[in-house]
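Numbers restart at 1 for each chain; the letters A, B, ... are given by sequence-line order, proteins then strands.
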There are 2 protein chains.
Amino acid sequence: MSTVSRALNDRPEVSPTTRERVMQVASELGYRPNASARALVRRRSDTLGLIWATEYVEAGVRQPFLLDVIAGLKVAVDHSGSHLAILTTSNAGGNSFLRAAREHTIGGVVLMGIASGHPGVRALLEEELPTVGFDTPLQGRRARYVTSDNRAGAASAVKHLVELGHTRIGTVAGPEGMHSSDERLTGFVEGMRDAGLPIADGAVQHGDFFLGSGTEAMRRLLDLPERPTAVFVAGDEMAVGALHAIADAGLAVPRDISVVGFDDIEAATLVRPQLTTVRQDPLALGTALVDELLSLMADAADADSRVRALSTRLVVRGSTAPSA
Amino acid sequence: MSTVSRALNDRPEVSPTTRERVMQVASELGYRPNASARALVRRRSDTLGLIWATEYVEAGVRQPFLLDVIAGLKVAVDHSGSHLAILTTSNAGGNSFLRAAREHTIGGVVLMGIASGHPGVRALLEEELPTVGFDTPLQGRRARYVTSDNRAGAASAVKHLVELGHTRIGTVAGPEGMHSSDERLTGFVEGMRDAGLPIADGAVQHGDFFLGSGTEAMRRLLDLPERPTAVFVAGDEMAVGALHAIADAGLAVPRDISVVGFDDIEAATLVRPQLTTVRQDPLALGTALVDELLSLMADAADADSRVRALSTRLVVRGSTAPSA
DNA sequence: TTGAAAGCGCTAACAA
DNA sequence: TTGTTAGCGCTTTCAA
């Protein structure tokens, strides 16, 4: 029995002949080791945990990009040969995440849509359960986070507009205090500075990443004394909202105003004109999440790499054109 | 030890005092039973399995509505107090689904995006592992499927158009042989018949549920000798494509042509005009999936309810108007 | 109503 | 290199 166990787990002390024979018979029998028994004795399962905040789903709100990343995560987990357990998050007590993970002898978790200040996250970090967050800065000996390089992405959007000859460029930023949102705004500011362009009063408007806020923020931009000829919008959904505001004002995209979004959600290719946008790759993000978690679970700490920031790619479509 | 077990599992043979005391101490200690140990001895875990085909994700294709239902499923699982394990589906052998489930002592699975003819599904049904499919007809003693009432939904779309005074109504159907798609077409045909309206030659065009096919199918409809004044499109993404074709032809929605979609994906509210559509409720669908699976796992067979068809709701927005 | 003991299917320490 | 034994944390007979 233990020989079989050793053979199946690729231990060195089994003779090649025996190993071969074990594998042979195991496959004939269609034998699969029982994951529960294994997790019980090893005190660690081969399943990764996903902690996914879905309050917004219950409220009827959609976060299409987050869903894309979750799909990417699923694919990446498949490739790694592990499984993914979506842990229940409803009993939102202070250490409910940790408990749920321990209950299932889960060795590491991915956090999606969770603010870094969430009380449940604290317990995770203190107990040093390997944890990787998406778009959420995490501080802990066995914690990291994965994000797109929001700053560089935003700067690349500005660069694109500058190359098209635009000089009066505005932005619709996300809410203040949210990491990815702040980074995109910083990238915008840096991009403008690098191009030697001034940021006019009122050229920075904030939204909340949802459609309506994009429309409203764009309206404020259009009301500016010196109307911008190009706008970087920090999220595609708001960018679509901006498109609406522009059309309502009787202006045309990209003839009168160019618009660049961020994310590359499906809708970016459904609207007309199709949105030029800074694309985040959900599949690559999923893969990075799994890689980081697995490495965190494998070795001890590796303090110098808290963040893994993936590069974005500017996808030029129909919503940007040379400055008139 | 056994008394504690009994108390925690609400067994009748424990005295109220003891039970109370056990609960008290357990909560003080923050005790949570180990799920692996439990699954091992019970030979059944409290975790539901999700088998989710993601080949399309790897191909870069999106199925926004399916993602919405998965989010709804997650919420419903939370409410039920169980957890959800996403099983790896990459080793696509004939009984890989079954093995993955057994390996994790999972008592029942939900199938998403899997064709009913998939070899892995056969094994599931033969072994009578409780299985619930979404939009996939399943035949088995312990299998059921959940779907929206596609037929009634399509008919309600036709009814809406008829009430607006339309008589020349066409449709962009989904691919033939796909259950939901066939049902929607049947609903369209029945709706027309109930209204006493003829279906003109060429008034039924097929697409593949993706954007481009909607545009192409709509073009064919526009080329008809007697151009329809209203069109029922069996999926929102194709409906958006149809909107494009109509605009390209220099016509306006809803002035010249009314369009009704199906699903109510996010994009339906992002395009202009916003899409009138037959809404499927992803949260309700998720809840039904969990309910059915749990009931299948609880009792023996209940042969008369193979299907659970949820009603849809017509959401009237800007893409439909009275016939000119 | 409670407790003692066996065992779920594995892995790991120890002996052979 | 292989086999024997104990034990992971529970549930469930069986006895008291």
Side-chain angles (χ1 to χ4, degrees), chain A residues 1-47 49 81-83 85 87-88 95 98-108 127 129 297-298, chain B residues 1-47 49 81-83 85 87-88 95 98-108 127 129 297-298:
Chain A
M1 192 166 148
S2 28
T3 299
V4 171
S5 170
R6 285 186 280 249
L8 259 24
N9 288 295
D10 273 328
R11 294 313 200 53
E13 60 271 68
V14 202
S15 82
T17 351
T18 321
R19 160 168 294 126
E20 178 55 35
R21 204 149 58 90
V22 168
M23 294 316 218
Q24 171 66 25
V25 176
S27 101
E28 271 169 27
L29 264 39
Y31 171 86
R32 310 286 324 212
N34 177 306
S36 302
R38 221 175 217 183
L40 182 59
V41 57
R42 287 189 180 160
R43 319 168 129 261
R44 157 99 88 81
S45 78
D46 66 337
T47 296
S82 3
H83 298 269
L87 303 175
T88 290
N95 52 0
L98 182 65
R99 281 188 184 180
R102 291 247 190 281
E103 202 173 321
H104 291 260
T105 47
I106 273 173
E127 291 290 317
L129 185 77
M297 289 166 64
Chain B
M1 188 166 151
S2 26
T3 300
V4 171
S5 170
R6 283 187 280 251
L8 259 24
N9 288 295
D10 274 327
R11 293 313 199 56
E13 59 269 69
V14 201
S15 82
T17 352
T18 320
R19 160 169 296 127
E20 179 54 38
R21 204 150 55 91
V22 168
M23 294 315 217
Q24 171 65 26
V25 175
S27 101
E28 272 169 26
L29 266 38
Y31 171 86
R32 313 284 325 212
N34 177 304
S36 302
R38 222 174 215 183
L40 182 60
V41 58
R42 288 188 177 160
R43 323 174 122 254
R44 156 99 88 83
S45 78
D46 66 336
T47 296
S82 1
H83 297 270
L87 302 176
T88 291
N95 53 0
L98 182 66
R99 282 188 184 180
R102 290 248 191 279
E103 200 172 323
H104 291 259
T105 47
I106 274 173
E127 291 289 319
L129 184 78
M297 288 165 63

Just do the side-chain contact (heavy atoms from CB on, under 4.5 Å) check on R32(B) and R102(A) with the steps written out, would you?
-> CA-CA 8 Å; R32(B) 313 284 325 212; R102(A) 291 247 190 281; over 6 Å; no
Starting from the C-alpha separation in whole Å, work towards a yes-or-no answer on side-chain hydrogen bond (donor to acceptor under 3.5 Å, both in side chains) for Q24(B) and E28(B).
-> CA-CA 6 Å; Q24(B) 171 65 26; E28(B) 272 169 26; 2.7 Å; yes
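Between P12(B) and R19(B), the shortest heavy-atom distance links the atoms N-NH2, 4.5 Å.
For the atom pair CZ of R21(A) and OG1 of T3(A), the computed distance is 9.5 Å after rounding to the nearest 0.5 Å. S2(A) contributes atom OG, which lies 10.0 Å from atom CD of E13(A) (distance to the nearest 0.5 angstrom). Taking OG1 of T47(B) as the start and NE2 of H104(A) as the end, the distance is 5.0 Å to the nearest 0.5 Å.
Side-chain atoms of N9(B) do not come within 3.5 Å of backbone N or O of R11(B) as any donor-acceptor pair. Side-chain atoms of T88(B) come within 3.5 Å of backbone N or O of S82(A) as a donor-acceptor pair.
Where R19(B) and N34(A) meet DNA chain C, the nucleotide closest to each residue was compared, and R19(B) sits on the side nearer the 5' end.
Remark on the helix from dT1(C)-dA16(D) to dA16(C)-dT1(D): inter-end axis angle 40°, axes from five-pair C1' superpositions, rounded to 10°.
One atom, CZ of R44(A), and another, C1' of dT11(C), lie 15 Å apart when rounded to the nearest Å. Rounded to an integer number of Å, the gap from E103(A) CD to dC8(D) P is 20 Å. At whole-Å resolution of the value, CG in L40(B) and C1' in dA6(C) are 13 Å apart.
Counting non-hydrogen atoms under 4.0 angstrom, S36(A) reaches nothing in the nucleic acid.
Phosphate proximity of dG9(C) to R43(B): present, with a side-chain N or O under 4.0 Å from OP1 or OP2.
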Under 4.0 Å protein heavy-atom contact, by nucleotide of nucleotides 11-16 of chain D - B base, S sugar-phosphate only = BBB---
